[in-house]
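Only a predicted model underlies this, so the values are computations on that prediction, with no experimental measurement involved.
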Amino acid sequence: MAWDTAGTRRRLLDAGARQFAARGFAGTTMDALSRDAGVNKERVYAYFGDKRGLFGAVLADRLGGLLDGAQVEGTGPAAVGAWAGELFDRYRRTPDLARLLAWESLELDEAASADHRAATCRDRATHLRAALPGLDAARAQHLLLSVVTLVTGWWTLARLGDVVLTAGAGTDLAADARRAALVAHVEALAGAA
């Protein structure tokens, strides 16, 4: 029987995403990865070299497309706010993305898949400039970083939300309220930019 190389690689990436999102690089063991993927841990070495190689591959796989397809449509601050809401919804569907972003910053010295992600960010900054005529490149980049940071914060700083917000952060109702507040805040930021 032929070995399913692509399937095994995908299972390892998916297991790595679950394990690294939950525990980070340092807290994830090779045994946990192999159990989660349902493959011998020697496969990690065969496909990715070592745990660090798998961590980088998982980050590139999951974060490389973080902003892909998320377009700013229309013009004006409301268009930018709607885009922030779309990014919030993407995190809601896949909250591990925000956790992986946090672990990347905590445990790596450089961004995974940096070239692809930088190109995507330049493209999104260009979209922001088209939506907000008169916005220069540097301010568009800062606005992009502010939006991504605000959106990511809800998913990575949930315990802070529990302390700051009377309703706490752990419910769908709280997430809906945060999304609405986030869109309004981003519209204000875009208007000031």
Side-chain angles (χ1 to χ4, degrees), residues 6 9-10 12-14 16-18 20-21 24-25 48-49 52-158 160 175 178-193:
R9 183 171 167 56
R10 174 52 44 205
L12 285 166
L13 287 169
D14 292 344
R18 287 187 295 274
F20 292 132
F25 176 78
F48 301 101
R52 175 74 60 190
L54 176 59
F55 187 54
V58 164
L59 292 173
D61 181 60
R62 293 302 202 267
L63 301 180
L66 177 66
L67 297 176
D68 290 350
Q71 304 292 337
V72 180
E73 296 185 14
T75 59
V80 179
W83 173 73
E86 181 182 334
L87 186 56
F88 187 92
D89 294 341
R90 182 173 286 189
Y91 280 166
R92 181 181 269 183
R93 289 186 304 272
T94 316
D96 286 354
L97 291 174
R99 292 181 59 85
L100 288 169
L101 271 175
W103 285 118
E104 175 189 46
S105 292
L106 291 169
E107 298 191 299
L108 293 182
D109 294 331
E110 58 186 46
S113 192
D115 292 341
H116 171 75
R117 290 166 65 198
T120 302
C121 287
R122 283 190 300 275
D123 183 62
R124 292 311 166 268
T126 300
H127 286 230
L128 289 172
R129 291 181 71 192
L132 302 170
L135 190 66
D136 66 29
R139 288 181 19 219
Q141 291 168 359
H142 282 283
L143 179 59
L144 174 62
L145 180 59
S146 293
V147 170
V148 172
T149 301
L150 284 170
V151 174
T152 304
W154 175 255
W155 304 104
T156 57
L157 303 173
L160 181 60
R178 181 61 191 153
R179 184 190 190 284
L182 173 81
V183 169
H185 296 161
V186 168
E187 285 181 16
L189 278 173

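Side-chain N or O atoms of R124 include none that pairs as donor or acceptor with a backbone N or O of L144 at under 3.5 Å.
To the nearest 0.5 Å, atoms CG (L13) and CZ (R18) are separated by 10.5 Å. In this structure, CZ in R178 is found 6.0 Å from NE2 in H185, a value given to the nearest 0.5 Å. If you take CG on L59 and CG on L54, they are separated by 9.5 Å, rounding to the nearest 0.5 Å. For the atom pair CD (E73) and CH2 (W83), the distance works out to 12.5 Å, reported to the nearest 0.5 Å. From L97, atom CG reaches atom OG1 of T152 across 9.0 Å, with rounding to the nearest 0.5 Å. One finds the CG atom of L100 at 7.5 Å from the CZ atom of R62 (value rounded to the nearest 0.5 Å).
Of all non-hydrogen atoms in A79 and G74, the two that sit nearest each other are CB-C, 3.7 Å. Nearest heavy-atom pair across V80 and A190 is CB-CB, 3.9 Å. A pairwise comparison of heavy atoms in A112 and A60 identifies CB-N, 4.0 Å as the closest pair. When all heavy atoms of A175 and F88 are compared, the closest pair comes out as O-CZ, 3.5 Å. Here the closest heavy-atom approach between residue A21 and residue D96 is recorded as CB-CG, 3.6 Å. Minimum interatomic distance between R129 and A140 (heavy atoms only, all atoms of both residues): CG-CB, 3.5 Å.
Within the 4.5 Å cutoff, the side chain of L145 has no heavy atoms near those of the Q141 side chain. A heavy-atom distance below 4.5 Å is found between the side chains of F48 and L12. You'll find the side chain of Y91 stays beyond 4.5 Å of the side chain of W154, heavy atoms only. Within the 4.5 Å cutoff, the side chain of L143 has heavy atoms near those of the L132 side chain.
Ion pairing between R10 and D14 holds under the 4.0 Å rule for side-chain N and carboxylate O.
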For side chain to side chain contact (heavy atoms under 4.5 Å, CB included), just list the numbers for L101 and T156, CA-CA rounded to whole Å, side-chain angles, deciding distance to a tenth of an Å, and then say yes or no. CA-CA 9 Å; L101 271 175; T156 57; 5.9 Å; no

Under the side chain to side chain contact (heavy atoms under 4.5 Å, CB included) criterion, do F25 and R52 qualify, and how do the steps go? CA-CA 8 Å; F25 176 78; R52 175 74 60 190; 3.4 Å; yes

CA sep, side-chain torsions, deciding dist, call: D89, R179, side chain to side chain contact (heavy atoms under 4.5 Å, CB included): CA-CA 8 Å; D89 294 341; R179 184 190 190 284; 2.7 Å; yes

When you look at L150 and L189, which way does the side chain to side chain contact (heavy atoms under 4.5 Å, CB included) test go after all the steps? CA-CA 11 Å; L150 284 170; L189 278 173; 3.7 Å; yes

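More than 12 heavy atoms of other residues, nucleotides or ligands sit less than 6.0 Å from atom NE2 of H116. Dense packing is recorded around CG of D136, with more than 12 heavy atoms of other residues, nucleotides or ligands lying under 6.0 Å away.
Below 30°, between 30° and 60°, or above 60°: for F55 and F20 the angle between ring planes is above 60°, a perpendicular geometry.
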